[in-house]
Amino acid sequence: MPKRIWSIPPFVALLVLSCALRPSPRLAENPRIRDIGIPVRSVNWVRLHDGRDAAGNHAVFITMGQTAENLFVLKVNPETGALRQYIAKVPRANYPTATLLSRTGKLYVGAAYAGHLLCYDPAKDSFDDLGAINPQKATFPCAMDEDAEGRIWVGSYGMADLTCYDPRSGQFTRCGRMDDTDMYNYPLVNSDGMVCNKIMMTRPHLVVYDPKTGEKRTVGPVAEKGKDTLTLVRGGDGDVYINSSMGNFRVRGFEAIPVQDIPPLAAPAANYAYSFADSHRQLYRQLRVKRNDSGGEKIFDLDYRAAGSDIFLVHAGPDGAVYGSSILPLHLYRYLPGEAGPVDLGKCSNAGGEAYSMANFKGKIYIASYPGAMVSVYDPAKPYQYGAKPEDNPYDMGRIDDISYRPRTTLAGPRGRVWFASIPDYGRWGGPLSWYDPAAREKGVYHRIAGDGSCYTLAWLEKRGLMAVGTTIEGGTGTQPKVSRAVLFLWDYMAEKKVWEGSPDRPLSAFNALLAGRDGLLYGTLTGEGGPELFVFDPEKRVFLGRTALSGGTPLDNGLQFGPDGFIYGFTTNCIYRFRPGVSPQPEEVVREAGGFSVPGPILGKDVYFAKDHTLRAARLFR
C-alpha cells in the first residue's frame, strides 16, 4: 500500500509560519508603577448613639471605621442634619470595634488594631486618646461595659484580656487573661459588681471576675463550638444571664442559677430613632431620623470624608475588565483598561467582609466571600442588580456549606464544577474542599479532607484528571494550629479520593500559590520557618523536583500566573518576579517597590494590575 502524503493548504502554511515568526512580547525596561485610582470609599463598624451635645441638645454620635485612614466620630444634629467629623489621631486606629455611651454622656471607643481607648467628650467637644488598653496584648477591643462607679471595663482580642479604666484618675488597671486558651473576651458588669466575661471562640463559656479580690472562675455550662449556643444578656432586672442551648441561668457571684425565662430588657425611652436608609447597600450616607413623639421622619445626606477602603482581591473577568473586592464593606468594583478610573458597582454579597476569591466559568464570575463562604454569581454582560433570587445579578446563593468561612481559592472547571478551598468557621478546625455544580444547581463538601489543617490553594491538572490541593496549618480564627506541617495532595475528582499526599521535609505553614504548568509540572510557593520558597512538583512521578528561596519579600497568596512571553510571573510584598518554566526555576525581579504590593492581580495586554492597600495600581511590563 502506498504511503499517504498529507498536503498543507498554502494559507494554513503561511498562518503557521507567521505564528512561528511572531515575536513574543519583550519586557519593558524599568517598568513604572502608576496609580489607577481608589475603587471604593466606604466605612465599616458603623454604630449610632443617641446623645447630647455640650448645650444639652439632642445629637446622634456615629462611629465609623475605614482602612485608608483612621476611624472617626460624627456628631449630627437630628433636626438639621448639620454634622462635624472628628478623626482619631492614634496610628492604626482604623476600626471602632467596641463602643460605649456612658451615663456621663461621654462616648468611649475601643480602636483596633491600635489597641487604644478613645473618648469623645461632648462637653469639651473633643475626641481624645486615653492611652493603650494593655500594650502589646489588647490589640482588638471586643466589648465594653460600665460599672456602678463609672469605671469602664474593656474585653479584648489577642489574649482574652480584661482591663479597667477609671475616668476619675485616668488610670488603667490590667487584670490579665480571663482564659488561658481562647482569645476573645466580651464583658458585662453584673448588678453585684462582678464582671462577667463571655469567652470565645473554641469553647464559648463564662468567666466571672471579682474586682475586689482578683479571683476568676468558670461559671455555668461550657459550649462546644458548632454544636451548642451560648451568650450573655442583661435582663430587665439588671442581672446578667446565660442564654444557651444547655439552659438559661441567672449569674450571682460565682454561681449560675438555672431559670426558665430571662426577664426582657426594656428599650430606653428616646425622642428619636436613628437608622441608615442606605444600610442595605452598605453606603451609610443617608441618615434616617424619626421622631418618636410625632412620627415625623427626615433623611439627611451626610457629607463626611471617607478616605478609602482597602482592596482584598484583584481579578481578571471574562470580559477583559479588572474586577475585585474591597474590605469591610464588601463592594464589587470594575476597571476597564483605558477608562479614567475604577467604578464601585456596590454590594454583591450578604457577607459584609470581603471577597476572598473569584473564578470565571462560562462567562460568569463566581464570587466567594467572607464571612460564611457566601457564593454570588455575576454576569458582566447583564445589568447590575444584586439580590437573592436566581434572576438577580449578582445572584447571592448563600453559604457553600456550614463549615467553610474564608474561601481562600476558587477554581472553575474540574467535572463542570466550581471548587472552593476554605479556612473554617471561628473556633473550628478542618477547612473543607467544597463545590458547586451550575448545571445541576447542586452543592457538595468534603469535610475533614485536610484533617485539622485547611484547604487553601487549588490547581487543575486537567490532562491527569486531578486537582492539586495545597493546605495550611491554620484553623478558624481564634484557634491555635493542631497540625505541624502543611501538605500538598492530589485529588481524583471523579473517584472522589486522594491519590497522593506529601510535602518537602521542612517546617511548612502553607502552600499559598499553585499553578499548573503547560509542561505538565506543578509550580507553587510555600511559606514557613526558614523562609518562603518557589517549588516545582512532578505530578507523574509525584516528587518535588526543585525548590528555590524567594528573597524579595513574602510571596502573595495565589500570586502566580503565565505571562504572554512564556514566563511565569509571581508577586511578593516587595516585587514582581518571573522565571522560565523548568525543573530548577531561577526567579528574576522585574518590578520592585519595597512594601508596594498588597494584592496580586492579572496581566492584561502590556500591563500587570495589583493593589497597594486601598489603591488599584498597574505597571507597564511589556513594550
Side-chain angles (χ1 to χ4, degrees), residues 14-34 36 314-323 335-338 359-360 413 457 459-463 468 512-525 532-539 545-553 555-593 596-597 599-612 616-623:
L14 288 173
L15 178 61
V16 172
L17 182 61
S18 64
C19 289
L21 294 177
R22 183 181 300 161
S24 62
R26 296 177 62 191
L27 198 65
E29 295 181 5
N30 301 318
R32 294 184 179 181
I33 295 173
R34 68 185 189 276
I36 301 296
V314 182
H315 172 77
D319 56 349
V322 176
Y323 291 86
Y335 172 68
L336 186 62
N360 304 330
T457 48
W460 187 12
L461 304 170
E462 185 174 4
K463 292 181 179 179
N512 76 326
L514 295 176
L515 181 68
R518 295 160 183 161
D519 52 8
L521 300 177
L522 179 70
Y523 298 87
T525 55
E533 289 182 328
L534 177 69
F535 72 87
V536 183
F537 177 78
D538 187 334
L545 298 176
R547 307 205 313 268
T548 304
L550 284 173
S551 59
L556 299 184
D557 287 353
N558 295 318
L560 294 177
Q561 64 184 303
F562 280 101
D565 55 358
F567 282 76
I568 295 175
Y569 285 77
F571 281 85
T572 73
T573 49
N574 296 332
C575 75
I576 300 173
Y577 63 93
R578 71 172 187 170
F579 61 91
R580 289 186 184 277
V583 174
S584 300
Q586 299 299 317
E588 60 171 325
E589 292 184 3
V590 293
V591 183
R592 184 173 182 85
E593 181 174 312
F597 306 93
V599 184
I603 296 172
L604 296 175
K606 297 180 179 180
D607 292 332
V608 60
Y609 295 86
F610 54 93
K612 169 58 178 172
L616 182 66
R617 313 183 84 189
R620 178 60 54 90
L621 275 187
F622 304 103
R623 299 178 186 179

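Just so it is clear, the structure is predicted and the values come from calculations on it, not from any experiment.
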For the residue pair Ala459 and Ala516, what are the closest heavy atoms and their distance? CB-N, 4.2 Å

First locate atom CD of Glu533, then atom CG of Leu550, and finally report the distance between them rounded to the nearest 0.5 Å. 8.0 Å

Restricting to salt bridge (Lys or Arg N to Asp or Glu O under 4.0 Å), what partner residues turn up for Arg32, sequence neighbours left out? none

Only counting residues at least two apart or in another chain, list the ones meeting side chain to side chain donor-acceptor pair (under 3.5 Å) with Arg518. none

Check whether any side-chain heavy atom of Phe567 lies under 4.5 Å from a side-chain heavy atom of Leu27, and answer yes or no. no

Heavy-atom check, side chain of Pro337 versus side chain of Asp607, under 4.5 Å: no

Nearest 0.5 Å, what's the CH2-CG distance between Trp460 and Leu514? 15.5 Å

So do the side chains of Tyr569 and Leu560 get within less than 4.5 Å of each other, counting heavy atoms only? no

Arg34 side, atom CZ; Leu616 side, atom CG - distance, nearest 0.5 Å: 9.5 Å

Thr548 backbone acceptor or donor facing Gln586 side chain under 3.5 Å: no

Write down the atom of Gly559, the atom of Ala513, and the distance for their closest heavy-atom approach. N-CB, 3.8 Å

Which heavy atom in Pro600 sits nearest to a heavy atom in Phe571, and how many Å separate them? CB-CD1, 3.4 Å

Of all heavy-atom pairs linking Ala316 and Leu604, the shortest is CB-CD2, 4.2 Å

Value rounded to 0.5 Å, distance of OG1 in Thr457 from CG in Leu515: 11.5 Å

With Thr525 via side chain to side chain donor-acceptor pair (under 3.5 Å) - residues at least two apart: Asn512

Name every donor-acceptor pair, under 3.5 Å, that has one atom in a side chain of residues 574-582 and the other anywhere in the protein, sequence neighbours excluded.
unit_1 : atom_1 : unit_2 : atom_2 : d
Asn574 : OD1    : Gly595 : N      : 2.7
Arg578 : NE     : Glu588 : OE2    : 2.8
Arg578 : NH1    : Asp565 : OD2    : 3.0
Arg578 : NH2    : Glu588 : OE2    : 3.3

Which residues satisfy the side chain to side chain donor-acceptor pair (under 3.5 Å) test with Tyr335, sequence neighbours excluded? none

Any idea which heavy atoms bring Leu461 and Ala468 closest together, and the distance? CD1-CB, 4.3 Å

For Gly517 versus Phe562, what's the shortest heavy-atom pair and its separation? CA-CZ, 3.7 Å

Could you measure the distance from the CG atom of Leu534 to the CD1 atom of Ile568? Nearest 0.5 Å is fine. 8.0 Å

Who pairs with Glu589 by side chain to side chain donor-acceptor pair (under 3.5 Å), at least two apart in sequence or on another chain? Arg592

Aromatic ring pairing Phe610/Phe597, orientation class (parallel under 30°, perpendicular over 60°, tilted between): tilted

In Å and rounded to the nearest 0.5 Å, what is the NZ to OG1 distance from Lys612 to Thr573? 9.0 Å

